[in-house]
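Here's the structure we're looking at; comments come further down.
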Amino acid sequence: MGTSGQVTSAKQQSQGNGNAEKQRTRRTFFSPFSVALGRSVRWASRLAHRGGSALPGAIVEKVDPGFLARTLAQIPLGVVLVSGTNGKTTTTRMIAHMFEDLGLRVFTNPTGSNFTRGVVSALVSSASLSGKIDADIAVLELDEAYAVHFVQQVRPRYSVLLNVLRDQLDRFGEIDTTASLLRAVAQHTSKTVVLNREDPRISALSAAVPSGCNVQYFGISEQLRTLFPTDDAMRNSSAENNVSENLPHALAVLETVGKHHATYLLDGKRFETDVKLEGVYNLYNAAAALALVTQVVRDVKSRSQQLIAGSGTKKTPANLERWQRLQRFSAVTKHDIVTAVSQVTPAFGRGETIDVDCTAVELVLVKNPMGFRMALASFDPHATDTMIAINDEYADGRDMSWLWDVDFDSLRDSGVAMVSGVRAWDMALRLGYEQVPVARVEENLQSALHEFLVESTGTTGTDESAGTDKSVAPDETAGTDARLESTEFGTNKTKRIYCTYTAMLALRSELGRITEVTDAGVGA
Amino acid sequence: MDENTKQCSVQSMAMSENSERVQHAQNAQNQAKRVLDIVSLYPNDMNIYGDWGNVLTLLRRAESYGYTPVLHEINQGDAWPEHVDLIVGGGGQDTGQSRIMDDLHARAAQIRKYAEDGVPMLMICGLYQLFGDFFETSTGERIAGIGVFPAQTYGKDLRLIGNITVHSNDFGDVVGYENHSGQTFLGHGVLPLGTVDREQMGNNAEDLQEGARYRNVIGTYLHGSILPKNPRVADFLLRQAAVHRYGEFVDYSSAEGRAYREYLDQTAERARKVAMSRPR
């Protein structure tokens, strides 16, 4: 049945675009061998130590351009596409985990491969040799630019559009350009688009949604809204300029947040729940996941007879199992959905905690002003040693302007124990102007990490060195200002490291030499 | 322009003797506090590239020199403060730019007057372009600037983007980051901020110039933000602001203020070195 469902949507899409459509689903001479071909490429490339995550995808894309659309078309509940500047990975993981928790088989792309080729590679490794994929639903994270490319080939049944923020402006030029990339995603979604009600550039995309496709919103309560200023209002923390009067009804609303606790309004009904996620922004993303999952459950309920009939056409054991899974899923309650969200754990680098000699080391990925602001608002700096690591590689963004749009006053009392990364001095300068005490600047990430762990766990070094030896001066001569004198950094506190993407990869790999760090599938 | 000045004079004439006395007392008080009135122009719509960093740098450094900076955030429709000693403006999205256009043109005469009076200004990216004669889009549409200095900007397909070092006679090397597709060509009577080493960076892809200097107005494409890493430029603006307000700049730094500034400058020096060594 899965195929017939997709054919309908493909037909809708092919209006005025017939040739492109034919190309998308065209089988080539190679088609029956695509999976085998991809696998052997992967195998060969692994032997050659290339990491091999995208290469098989590249080859399959070349010899069998219809592979992506054809393979995903078999999935009965279709494709959920997640995109936006901040929180793609976390939200995708949340949605995938929730579906799995609720009994579905889920196909998802591994962290870090959020481009079309990465999805093809992931399909190659998951599909059977005959190209069959055993999943009820696909949940795919796609980078904004690749999402546009992807929807030209595969029309997602659902899309979740999180936010448009100043991130990698050096790649996309302007926020409005990024918004137009996401508009294309909204235009190509067939069933439901889930939009962030509080982000004006995202909620405006409701106008782009084609007829026959629904719009649902996720949002936050008025009391939390001041915590999430829009990007335009970033310098203006009052809520008034980012709240429009007549907000549409949101399917899922984050109402209140506490430590590992949150309240959501789901379809108007209040649910209190414990959560394993850290950080307000993750709980906000969870509202997006709740809205999407709730909508999918509704759709399966209303279509369950049709789906059951479809799954049962051939009474193979696999089809019967799928029928049972969908049957169970159609009976899922809102309470079950909230329970599923409470089980989700943070994604790597998104508030992930690594244990080093009984001290918790938290890695918090920061990549744009809003993300950094949210992270600072989410975590209490007291009783914590803070390190900040800023790189400026291509994946981090070369432009350092964004650091000036983050408010660092919350760190003024506690100070920062270590600043590191290629642009450590830019960060130190930013903190200097914010009058935040900085104890040490060490550009080399490995040395900085070791020093940060050792100094603050107090395993080496005397009490003296913990308090007075930490000159803030960029050289030995300066740094006499009282405001800049380092605060005392105690022992065995939680250690939190805010880091940009490539800094996080380096720190994670260094931590992996000291202690056990789970492989989050970052890969090459 | 005429209307604007007329309004001002009518207002001052209407001022009662009493309020004039209050005004004098206030002025004396401000003088003692050595107030500098700093205007941040369109912070809501034109602040895309960390332009807050420039404002913060001016505030902190003014304090360190013993002055009392007062920040005025001026958005569309807001009245000018009584004193304007320094104006800072930033870059915006196309949408932000179109939102401020009417207001900017309504202020044009006053801004030109401030410039002629020697008020120091720093205009980055979008507002730099609009301080010139016009911006012509790639489709040939002309958006009129406010003509503070003669400069023409043309929208191009080529985006000039990346780390950049500008060699300036007055400020030494100025480091920052540029990101713009409008290419600016300076007219007669306006000097560039400095020169760049290679084509395809700076004002345009051709003439190896970056930025503009007109009286005490500096226009530039550099953000990153520009002032924190280029304290000489920041101090030039503050000096001129003090000269404009009090006739001279006097360094009233306390020992604490001086030490703080030295810390910032040494940190900036390290950050500058790294920035200059990074790929474009």
Side-chain angles (χ1 to χ4, degrees), chain A residues 166 169-179 201 231-236 241-242 369 391-394 397-407 419 421-435 438 441 443 471-484, chain B residues 40 43-45 47-57 59-61 64 73 75 90-96 159 161-163 176-181 223-229 255-275 277-280:
Chain A
R166 273 182 275 197
L169 284 176
D170 43 358
R171 245 176 77 208
F172 298 138
E174 293 205 333
I175 311 180
D176 295 334
T177 315
T178 317
R201 285 192 178 80
D231 216 47
D232 303 294
M234 194 112 61
R235 281 259 51 87
N236 214 326
N241 51 12
N242 60 42
N391 274 359
D392 69 347
E393 301 304 336
Y394 179 74
R398 294 229 182 269
D399 187 357
M400 285 296 109
S401 305
W402 67 285
L403 295 178
W404 294 90
D405 279 325
V406 183
D407 268 324
V419 175
V422 176
R423 292 290 197 140
W425 290 104
D426 268 83
M427 188 63 229
L429 185 61
R430 173 70 189 94
L431 293 171
Y433 272 104
E434 202 71 67
Q435 298 174 333
V438 173
V441 180
E443 290 169 271
S471 162
V472 296
D475 64 28
E476 265 67 52
T477 57
T480 50
D481 187 345
R483 280 173 301 185
L484 293 161
Chain B
S40 166
N44 285 356
D45 283 308
N47 72 340
I48 184 166
Y49 295 117
D51 295 304
W52 170 247
N54 294 327
V55 177
L56 183 65
T57 301
L59 298 180
R60 291 278 192 267
R61 295 186 80 83
S64 83
E73 298 202 328
N75 290 296
Q93 303 276 334
D94 291 346
T95 48
R159 189 168 268 276
I161 185 167
N163 288 303
Y177 193 94
E178 64 176 332
N179 184 356
H180 56 106
S181 56
H223 48 81
S225 311
I226 181 175
L227 294 186
K229 276 209 286 286
E256 193 195 22
R258 184 165 292 116
Y260 178 46
R261 208 168 56 239
E262 270 168 18
Y263 167 75
L264 292 173
D265 288 355
Q266 282 161 7
T267 308
E269 196 45 47
R270 303 291 296 259
R272 287 163 56 83
K273 279 210 184 96
V274 174
S277 74
R278 298 303 294 156
R280 170 87 167 144

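Computation of the quantities below employed the complete heavy-atom set of this structure, encompassing side-chain atoms and omitting hydrogens, waters and symmetry-equivalent molecules. Protein chains get the first letters and strands the later ones, always in sequence-line order, with residue 1 at the start of each.
- Considering only heavy-atom pairs separated by less than 4.5 Å from chain A, the leading option among Ala275(B), Pro228(B), Ala268(B), Gly176(B) is Pro228(B).
- Summarising the geometry of Asp405(A) relative to Asn47(B), their closest heavy-atom pair is OD2-O, 4.2 Å, with the distance given to 0.1 Å.
- Note that CZ of Arg278(B) and CZ of Arg423(A) are 6.5 Å apart. Values are rounded to the nearest 0.5 Å.
- For the pair Lys229(B) and Asp426(A), the minimum side-chain heavy-atom distance is below 4.5 Å.
- Across every non-hydrogen atom of Leu264(B) and Leu429(A), the tightest pair is O-CD1, 3.6 Å.
- From Ile161(B), atom CD1 reaches atom CG of Asp399(A) across 8.0 Å, with rounding to the nearest 0.5 Å.
- Interface check for chain A: of the options Pro279(B), Ala255(B), Ser181(B), the most heavy-atom pairs under 4.5 Å are formed by Pro279(B).
- Contact annotation: the side chain of His223(B) never approaches that of Trp404(A) to less than 4.5 Å [non-hydrogen atoms, C-beta and beyond].
- Looking at heavy atoms from C-beta onward, Leu56(B) lies in side-chain contact with Arg430(A) at the 4.5 angstrom threshold.
- A heavy-atom distance below 4.5 Å is found between the side chains of Arg398(A) and Tyr177(B).
- The contact between Glu443(A) and chain B is made entirely by side chain atoms (from C-beta outward), counting heavy-atom distances below 4.5 Å.
- The minimum heavy-atom distance linking Thr57(B) with Tyr433(A) is given by the pair CG2-OH, 3.4 Å.
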